[in-house]
Amino acid sequence: MSEDRRFPDYEAKWQAAWAESRNRKASEVHSKGDKDFYVLSMFPYPSGRLHFGHALPYTLTDAIARYKRMNGYNVLNPMGWDAFGLPAENAAIEAVRRGEKNVHPARMTYDSIATMRSQMNAFGYSFDWEREVYTCKPDYYKWTQWLFLKMHERGVAYRKKARVNWCPDCKTTLANEQVETRVKDGDEYQACFRCGSAVEPREIDAWFLGITRYADRLLQGLQDLAQHWPELVTSQQRNWIGRSEGVNIDFAIELRAGASGSGPLKPPAPEGTESSGVQREKLPVFTTRADTAFGVTFLAIAPEHPLVDKILKLVDTRTHKRLVDFVKETLNMTEQDRASGDEKEGVATGMFAVNPLNGDKVPVFVANYVLMYGTGAVMAVPAHDERDHEFAREYRLPMKQVVAPAPGSEEQVDLKAQAFTAPGVLIDSGAFTGLPSAEAMARIGADLKARSAGGPVVNYKLRDWGVSRQRYWGCPIPMIHCPQCGVVPVPEKDLPVTLPDDVDFLPTGRSPLTLHPSFQHVKCPACGAEARRDTDTMDTFVDSSWYFLRYTDAHNAKAIFDPQKAARWMPVDLYVGGREHAILHLIYARFFNMFLHDLGLVQAPEPFSRMYAHGLIQGESRRVVTDEMDRYVTEEELKRLLDTGKATPEDVVRRIEKMSKSKLNGADPTQLVAQYGADAVRLTILFMGPAESDSVWEKDAIKGPYHFLRRWHDLALSSAPLVEDLPEMGPDCRMNAAATKLRFASHSLIEKARTEFEGRFALNTVIAKAMELVNDMRAFIAAENLAGPCKNASDPSLASRWTLAECFDILARTMAPFVPHTAEEVWHALGGKQSVLDTPWPAADPAALVLDEVELPVQVNGKLRGTIKLPAKADKATMEKLALENENVKKFVEGKAIQKLIVVPGKIVNVVAK
RNA sequence: GCGGAGGUGGCGGAAUGGCAGACGCGCUGGACUUAGGAUCCAGUGGGUAAAACCGUGCGGGUUCGAGUCCCGCCCUCCGCACCA
């Protein structure tokens, strides 16, 4: 495409003009009591430069915000920075290692922010910068710390020793949610979500947030959100919370000194029960299949089960060694690693446990397939559970069938081959024999409860959230460790606990703050003794769990926010973000909001009324694999390689992937803005497809939208004389058919845009409609032979000119949310005085949306055979008549008897003939 | 295995149960040009001389009429996955 500087030029002009009259962009232009709308796109991590991953949601929310403003809303559309975090720290570490001076995560962060903010401004986004928040500034993280204290007061934040996921590369711990399964060379492993390194388990003292106590409410809340949140997100959260209803059954384990796991697994003779130091201890197991409880043939406990230590003290040396080795080996894997392994292994403890339902004594194993979920112990029913079946076969343990297929079912039971896991009817189950599974579960649960041997319980997969990070660039945890008083919270008046600047942040595996000379030295607020500050910082997901509330009162120095102000805007009417945050951020944010709701600071229990998950803009990568090389290349480099014969087309692997630097498949939106203008890029992003689906950036994608903007602008300039200073239309001035049709098109555009902005945001179809209108206008001008200025009120072309002028007006106003610069430019070129952004959204004239004459399809036996033109209000009889008169229809009906005539007024005629 | 999304021209994508392929890219032809990777005009699912006919992953069904609704499959992508 040739150089055309007009877009960048007039865009700069209008951006400057808007900056002058900035209060238009403030969130509260209209007086209180008016309609409020809070639209929010997830704030970015300041990674350095804006990329398409940002441009899509910001363009979308900007268009929506502008649309809402034109409709008279006060719109809150803020922007801020998720500014703490590892990438800046890692980049600083790299820079230090390269020998650079004066590098600091803070500086890199603020530099990134400055760059990205100016890039956003170049896009013409109408963010309310007055409310900008930075999570890394003390005026913000003071309140993150305050929240932590509030949670601590209520026992929601607590400290415990825990096995955590440790990333050896980032040198910090990760939350469960931040560990993902990856595959390399066919092997699955557990990886850090950030850098991809394999995580290792570690035992560590850490702070946890008790999200599990909100599990049920978080789950319940999803029901209300279901209507306005993507199923994709709610179902993932439901899955993650993982509620399961079942029954706890208290087995009684007999701890016997000198027990041995070797040899045959026979319970000891009953006479020894009272002597020889037998201790009975309760061992509850959790099951969702209480109906199979009479089929238990052994118990299995997790290697980290607390009972393991007790057992170790009692068993003989051989069993002891086997157990210790097994537990050690298993615990050396991460929990998820263990889960992905396919071999079920275990060690017999030599202990036996009594089934409270039938008195059976069954052996107890420690097994690698049992997780510390539920009670960390399972009753194994090989006949009716695949995992137990597998284990039982491996170790030749007995199976006992207690459920038979329901009468009339064709299911077969073949326990040698596999477990029978379907529900059915109980057999060999004492008093419960003959009951269907569902009823048996309920009865057994009730029975156990009555006998105080367990009962119905609910379990969750969700675990508490470990938030301690052994890194520097994060929010300090406002806690003090006193040798006398233990853990003491920093008094509120001493907040914030400021993150010092002068810290050696090179990774050592210990928190960098421990190396700072003065940070950790502090007097205990309770007793005044020498104490030590907590030197860990918080997971950055904590920072981002409440930022949407801070926007409602961004500069409050006295409180986290004014509940009144929060109440005005919250909940967020529309929250736009990527699917990758379906569980992490979105569940944490809901949790925090619920906590604040419980404190009485927030009215609505849910923070986001509507969530919109946008797709990814991906790029095509080119990877060349030959004997000499295996790497990603740019399009240019590929061309060179092919031209010089260093690679053949067969060596090239093209893939659609998420844009990334290493894959050389990214496009820089800001560079495109410089070349084609912000409006062209904005329009292209929205035109590529519905925003919720992924799409691929192709370098030619911008051509259509760019072309459209130019045609519209050209048309406006060349048509200005046709539509300027038109006289009033007299009462006898009638529009001809072409004008009526054109007017229908322009008013349809208003309607279409309104529908999409109020509904599903398929803005690509709105843009298509606008393109169509420009095409129609051009054709109209040519067909009507419009030229030169309008002479006077009796000029016969007046009605057509008036229609055309209205089209320009509608086009500028409906497109203003999408392409504000071009809309403004065109608006002024055609004599607009105020800013088009300040004009109200156009109202569609219902009269214009009704056509006098329509063209309708006529089918014969369901196949299209012709069309008829007729007045829109034509009755059925007219439609029938015209349809049957149609030449082509006649041809197909000929020689057949008309059996039926389907006539749908305004839609279709279908002739059924045999 | 479980959960979610999806499968429509060469491509991105349109279609309240009612003319499949809007709009755009690309392509073909033409116009204007010293030139065209600019602009404008026309055409563009397959098929045919023109029709007929065939076309929305596959197979059934409901209906006057199905891309759309129902039943049964196949495939792709995403998330979760020994959760008892």
Side-chain angles (χ1 to χ4, degrees), chain A residues 1-4 180-181 188 230-236 238-240 242-244 246-247 285-290 292 300 335-336 338-344 367-381 384-388 390-391 459-462 579-580 582-583 613 615-616 656 684 687-690 692-698 700-708 710-711 714 762 764-772 775 778 782 855-867 888 891-892 899-904 906-913:
Chain A
M1 270 179 275
S2 74
E3 282 272 307
D4 190 338
E180 55 189 46
T181 307
E188 284 190 353
E231 175 71 24
L232 167 93
V233 176
T234 53
S235 67
Q236 278 190 60
R238 202 170 294 122
N239 187 325
W240 191 259
R243 180 189 157 100
S244 70
V247 172
V285 301
F286 175 72
T287 179
T288 54
R289 286 300 302 274
T292 64
E335 203 161 82
Q336 283 106 337
R338 219 163 88 202
S340 59
D342 37 18
E343 274 138 57
K344 292 194 173 34
N368 66 351
Y369 75 96
V370 181
L371 308 174
M372 271 313 285
Y373 166 78
T375 62
V378 302
M379 58 174 217
V381 188
H384 302 293
D385 182 280
E386 273 163 27
R387 298 152 300 186
D388 300 339
E390 199 184 315
F391 189 85
N459 259 312
Y460 298 92
K461 257 160 65 174
L462 184 73
R579 292 190 284 259
E580 66 276 19
I583 25 190
L616 223 54
I656 305 298
T684 306
F687 185 63
M688 287 197 297
E692 71 258 25
S693 59
D694 291 344
S695 40
V696 181
W697 182 267
E698 284 165 283
D700 286 345
I702 202 165
K703 285 188 180 177
Y706 179 72
H707 193 190
F708 159 71
R710 204 158 46 179
R711 271 159 62 106
D714 285 347
N764 54 324
T765 62
V766 178
I767 296 164
K769 201 113 185 132
M771 290 172 165
E772 234 174 310
N775 293 345
R778 290 162 56 98
E855 198 179 271
L856 295 182
V858 181
Q859 297 181 334
V860 177
N861 293 330
K863 287 188 176 169
L864 180 74
R865 296 304 180 192
T867 55
N888 203 42
K891 215 168 85 191
F892 281 89
Q899 296 185 323
K900 209 172 178 183
L901 270 170
I902 310 286
V903 182
V904 186
K907 287 281 182 201
I908 198 167
V909 178
N910 191 5
V911 185
V912 185

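Protein chains get the first letters and strands the later ones, always in sequence-line order, with residue 1 at the start of each.
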When the [atom1] atoms of [N] and [M] are considered, how many whole Å apart are they?
| N | M | atom1 | value |
| --- | --- | --- | --- |
| C70(B) | G18(B) | P | 15 Å |
| G43(B) | A52(B) | C1' | 23 Å |
| G9(B) | G45(B) | C1' | 5 Å |
| A51(B) | U16(B) | P | 29 Å |
| G1(B) | C69(B) | C1' | 29 Å |
| A38(B) | G47(B) | P | 29 Å |
| G13(B) | G59(B) | P | 25 Å |
| G55(B) | A20(B) | C1' | 9 Å |

For atom [atom1] of [X] and atom [atom2] of [N], their distance in whole Å:
| X | N | atom1 | atom2 | answer |
| --- | --- | --- | --- | --- |
| Arg243(A) | C2(B) | CZ | P | 22 Å |
| Gln236(A) | G4(B) | CD | P | 11 Å |
| Ile583(A) | G79(B) | CD1 | P | 10 Å |
| Asp700(A) | G26(B) | CG | P | 6 Å |
| Lys461(A) | A84(B) | NZ | P | 8 Å |
| Met379(A) | A84(B) | CE | P | 12 Å |
| Trp240(A) | G4(B) | CH2 | C1' | 16 Å |
| Asn910(A) | C19(B) | CG | C1' | 12 Å |

Phosphate contact ([N] OP1 or OP2) by [X] side-chain N/O below 4.0 Å:
| X | N | result |
| --- | --- | --- |
| Arg711(A) | U39(B) | no |
| Asn775(A) | G24(B) | yes |
| Lys900(A) | C64(B) | yes |
| Lys907(A) | G65(B) | no |
| Lys863(A) | C54(B) | yes |
| Arg238(A) | G79(B) | no |
| Arg579(A) | G4(B) | no |
| Ser244(A) | A84(B) | yes |
| Asn861(A) | G65(B) | no |
| His707(A) | C25(B) | yes |
| Arg710(A) | A38(B) | no |

Anti or syn - G13(B), cut at 90° from 0: anti
G-U wobble or Watson-Crick pairing nucleotide for [N] (cut-off 3.5 Å, both distances):
| N | result |
| --- | --- |
| G37(B) | none |
| G72(B) | C58(B) |
| C82(B) | none |
| C27(B) | G43(B) |
| U16(B) | none |
| U48(B) | none |

Nearest to the side chain of [X] - [options]?
| X | options | answer |
| --- | --- | --- |
| Thr867(A) | A5(B), C11(B), C19(B) | C19(B) |
| Ser235(A) | A84(B), C64(B), G4(B) | G4(B) |
| Asn239(A) | G79(B), C19(B), G18(B) | G79(B) |
| Ala768(A) | A22(B), C19(B), G65(B) | A22(B) |
| Lys891(A) | C40(B), C53(B), A51(B) | A51(B) |
| Val912(A) | A84(B), C64(B), G24(B) | C64(B) |
| Lys344(A) | A20(B), C82(B), G26(B) | C82(B) |
| Tyr369(A) | C82(B), C19(B), C41(B) | C82(B) |
| Phe687(A) | A84(B), C54(B), G24(B) | G24(B) |
| Glu772(A) | G13(B), C23(B), C41(B) | C23(B) |

With side chains defined as the heavy atoms from C-beta onward, is the minimum distance between [X] and [Y] less than 4.5 Å?
| X | Y | value |
| --- | --- | --- |
| Val912(A) | Leu901(A) | no |
| Thr292(A) | Met379(A) | yes |
| Phe892(A) | Lys863(A) | no |

Looking at every strand, decide which applies to Asn764(A) at a 4.0 Å heavy-atom threshold: base, sugar-phosphate, or nothing. sugar-phosphate
Describe the nucleic acid contact of Glu855(A) in one word from base, sugar-phosphate, nothing, applying a heavy-atom distance below 4.0 Å. base
For the residue pair Asn910(A) and Lys900(A), confirm or rule out a side-chain donor-acceptor distance under 3.5 Å. no
Is the closest basic N to carboxylate O distance between Asp694(A) and Arg579(A) below 4.0 Å? yes
Taking every non-hydrogen atom, the tightest pair across Met688(A) and Ser695(A): CE-OG, 3.7 Å
Least distance between heavy atoms, Ser244(A) atom then Tyr373(A) atom: OG-OH, 2.9 Å
So is Lys344(A) actually on top of Phe391(A)'s ring, under 6.0 Å and inside 45° of the axis? no
Take Pro690(A) and Ile908(A), find for each the nucleotide of RNA chain B with the closest heavy atom, and name the residue whose nucleotide sits nearer the 5' end. Pro690(A)
Mapping Leu232(A) and Ser695(A) to their closest nucleotides on RNA chain B, which lands nearer the 5' end? Leu232(A)
Using a cut-off of 6.0 Å, state whether more than 12 heavy atoms not belonging to Glu580(A) lie near its atom CD. yes
Let's test your reading of the model: under 3.5 Å, does the base of C23(B) pair with the side chain of Lys769(A) as donor and acceptor? no
Main chain of Thr288(A), side chain of Asn459(A): is a donor-acceptor contact present, judged purely on distance under 3.5 Å? no
